[in-house]
2 protein chains.
Amino acid sequence: MVSNTMDQLTESDPGQRPPLSRERLFQAAIDLADRRGIEAVTMRNLAADLGVEAMSLYHHVANKQALLDGVVDGVVADIETELGGFDVVADAHSWRKVLRDRILTARRVMLRHPWAPAVIETRTITTPTTLRYMDTLLGILLQGGFSYDLAHHTMHAIGSRALGFSQELFQPNPDDDTGSNDTLAAMAIELPNIVGMLSTIVHDDPDTTLGWCDDQTEFEFGIDVLLDGLERRLGG
Amino acid sequence: MVSNTMDQLTESDPGQRPPLSRERLFQAAIDLADRRGIEAVTMRNLAADLGVEAMSLYHHVANKQALLDGVVDGVVADIETELGGFDVVADAHSWRKVLRDRILTARRVMLRHPWAPAVIETRTITTPTTLRYMDTLLGILLQGGFSYDLAHHTMHAIGSRALGFSQELFQPNPDDDTGSNDTLAAMAIELPNIVGMLSTIVHDDPDTTLGWCDDQTEFEFGIDVLLDGLERRLGG
DNA sequence: ACCTGAACACCGTTCAAGT
DNA sequence: ACCTGAACACCGTTCAAGT
């Protein structure tokens with residue numbers, strides 16, 4: 001039907017379904033995680049989404065670990081797309097703004113894949129796209145006047161914030177009945193400082209009880225404190 | 001045999017093995033993870049260590065999630081032991097040193113349980129001991145002159161560093177053959193900044209190739225940058 | 001070359017039964 | 001009250017077999 005000399009090319013007949021490829025696996029796994037959560041990403045479920053048996057996946061990835069490596073690479077590639085490419089120009093005057101914008105863009109992408117940070121943290125190897133991303137971050141610092149040594153320390157200090165996420169241990173649960181004075185009084189014995197802070201904030205603005213920790217605000221505060229400390233060390 | 005009025009007390013006979021308890025489960029799980037890694041902590045393996053069947057564990061914990069919550073609580077309790085208790089005196093002059101020491105103590109405990117950070121990150125609820133730990137950290141800040149608002153932001157900004165760990169994305173793999181000039185040249189096309197940095201550091205000190213990222217140094221740098229930024233905001 | 005069915009060695013967890 | 005054996009509904013992965 002198609003002007004395809006398919007009996008001469010080694011390329012196989014597309015047939016009814018497009019053939020599997022590593023990229024199709026990774027993208028399907030990302031879609032599956034977005035729709036049903038990361039725990040739904042099993043080899044069997046993924047295969048079902050692709051209209052194939054689970055064992056067919058092993059012709060394209062060595063095992064599930066390799067699949068997850070590809071998934072992480074795909075998410076970082078989404079950051080690249082969102083940025084319109086990793087190339088930017090930064091100079092001694094703009095490094096702080098350029099770095100900050102880049103990190104907040106990464107965060108927007110991560111918010112679309114809320115399961116991704118947990119997966120990234122389980123990986124031991126660094127994927128090719130992640131390496132390229134880190135290389136450009138490093139380039140921004142060097143252009144900004146950082147020495148190799150300070151830039152190196154800085155990359156470590158930024159840590160996962162570079163990809164737009166951070167583990168916040170301090171997450172008062174808004175489902176807890178902190179509105180009840182009885183509960184507060186009972187908690188105050190063991191947790192005087194937290195209860196004191198909660199009480200004060202509730203008193204100042206009763207509407208903030210639920211979800212009073214604005215993740216975006218806290219994330220930006222964390223970056224800015226870090227950038228302040230770095231600027232001082234840069235001798236600015 | 002023992003002068004134990006066991007037929008009158010409802011306390012059961014200790015018999016050949018001490019009875020199970022939530023605390024014994026948690027401690028056995030921590031020991032198992034230390035010995036054989038967190039992936040070896042299955043209900044069946046844990047039961048075997050305790051000389052019991054897997055299903056018996058369910059009389060003491062609701063499910064594996066509850067077991068892991070208890071494990072995390074136990075690890076943070078280790079920090080408390082290492083600190084000799086959570087109570088400290090800090091004043092406006094000592095908050096920085098007291099906070100820094102406490103975090104580095106937490107880090108020492110975490111290094112004894114290298115699997116713990118990954119488990120902590122999977123938890124959604126905050127355990128009682130973790131809450132008490134965070135309350136004392138908050139107390140140090142308040143004693144140091146932080147407003148509730150700044151102290152609150154600070155707790156978020158410190159994040160997992162409060163418990164002595166952080167995810168470092170930037171971990172050049174020392175197993176990679178970065179010593180070979182051919183490999184470096186090939187990498188330099190895609191990763192000019194990373195390769196440039198590696199080359200310079202290798203040139204300056206050839207011995208640092210393997211394990212040239214000193215985790216402890218980088219961790220302390222990260223805290224100190226953060227503390228610098230906070231000190232500035234405190235108006236010091 | 002690519003896909004499949006059956007099977008293996010594990011999981012967490014439920015249930016009915018033992019003492 | 002506490003523990004158990006068998007079973008269920010899943011996993012990732014291997015293997016021999018199909019086309």
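Below, each value reflects all heavy atoms present in this structure, side chains not excepted, and no hydrogens, waters or symmetry copies. A, B, ... follow the sequence lines: proteins, then strands. Residue 1 opens every chain.
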Between [N] ([atom2]) and [X] ([atom1]): distance, integer Å:
{"X": "B:Y58", "N": "D:dA6", "atom1": "OH", "atom2": "P", "answer": "18 Å"}
{"X": "B:L68", "N": "C:dC11", "atom1": "CG", "atom2": "C1'", "answer": "14 Å"}
{"X": "A:N45", "N": "D:dG12", "atom1": "CG", "atom2": "C1'", "answer": "13 Å"}
{"X": "A:N63", "N": "D:dC15", "atom1": "CG", "atom2": "C1'", "answer": "17 Å"}
{"X": "B:M55", "N": "D:dA6", "atom1": "CE", "atom2": "P", "answer": "11 Å"}
{"X": "B:K64", "N": "C:dT13", "atom1": "NZ", "atom2": "C1'", "answer": "12 Å"}
{"X": "B:Q65", "N": "C:dC11", "atom1": "CD", "atom2": "P", "answer": "16 Å"}
{"X": "A:E53", "N": "C:dT4", "atom1": "CD", "atom2": "C1'", "answer": "6 Å"}

Counterpart base for C:dT14, defined by Watson-Crick or G-U wobble contacts under 3.5 Å: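 Its partner is D:dA6.
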Flag for A:D215-B:H156: side-chain donor and acceptor within less than 3.5 Å: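 There is no such pair between these side chains.
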Donor + acceptor pair across side chains of B:E220, B:Q216 (<3.5 Å):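 Present: a donor and an acceptor within the cut-off.
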Tell me which nucleotide among [options] gets nearest to the side chain of [X].
{"X": "B:V52", "options": "D:dC11, C:dG12, D:dC3", "value": "D:dC3"}
{"X": "A:R44", "options": "D:dG5, C:dT4, D:dG12", "value": "D:dG12"}
{"X": "B:S56", "options": "D:dC3, D:dC11, D:dT14", "value": "D:dC3"}

A:R35 bridged to A:D49 by N-O distance under 4.0 Å: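 Yes.
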Pairing of B:R102 and B:E82 as salt bridge, 4.0 angstrom limit: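 Salt bridge absent between B:R102 and B:E82.
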Donor-acceptor pair (no angle test) under 3.5 Å: A:H59 side chain, C:dC2 base: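 Looking at the base of C:dC2, it does not pair with any donor or acceptor on the side chain of A:H59 (distance under 3.5 Å).
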Sugar-phosphate, base or nothing in reach of A:M43, heavy atoms under 4.0 Å: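 Sugar-phosphate, no base atom in range.
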B:A48 backbone acceptor or donor facing B:N45 side chain under 3.5 Å: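 Flag not set: sc B:N45 to bb B:A48 has no pair under 3.5 Å.
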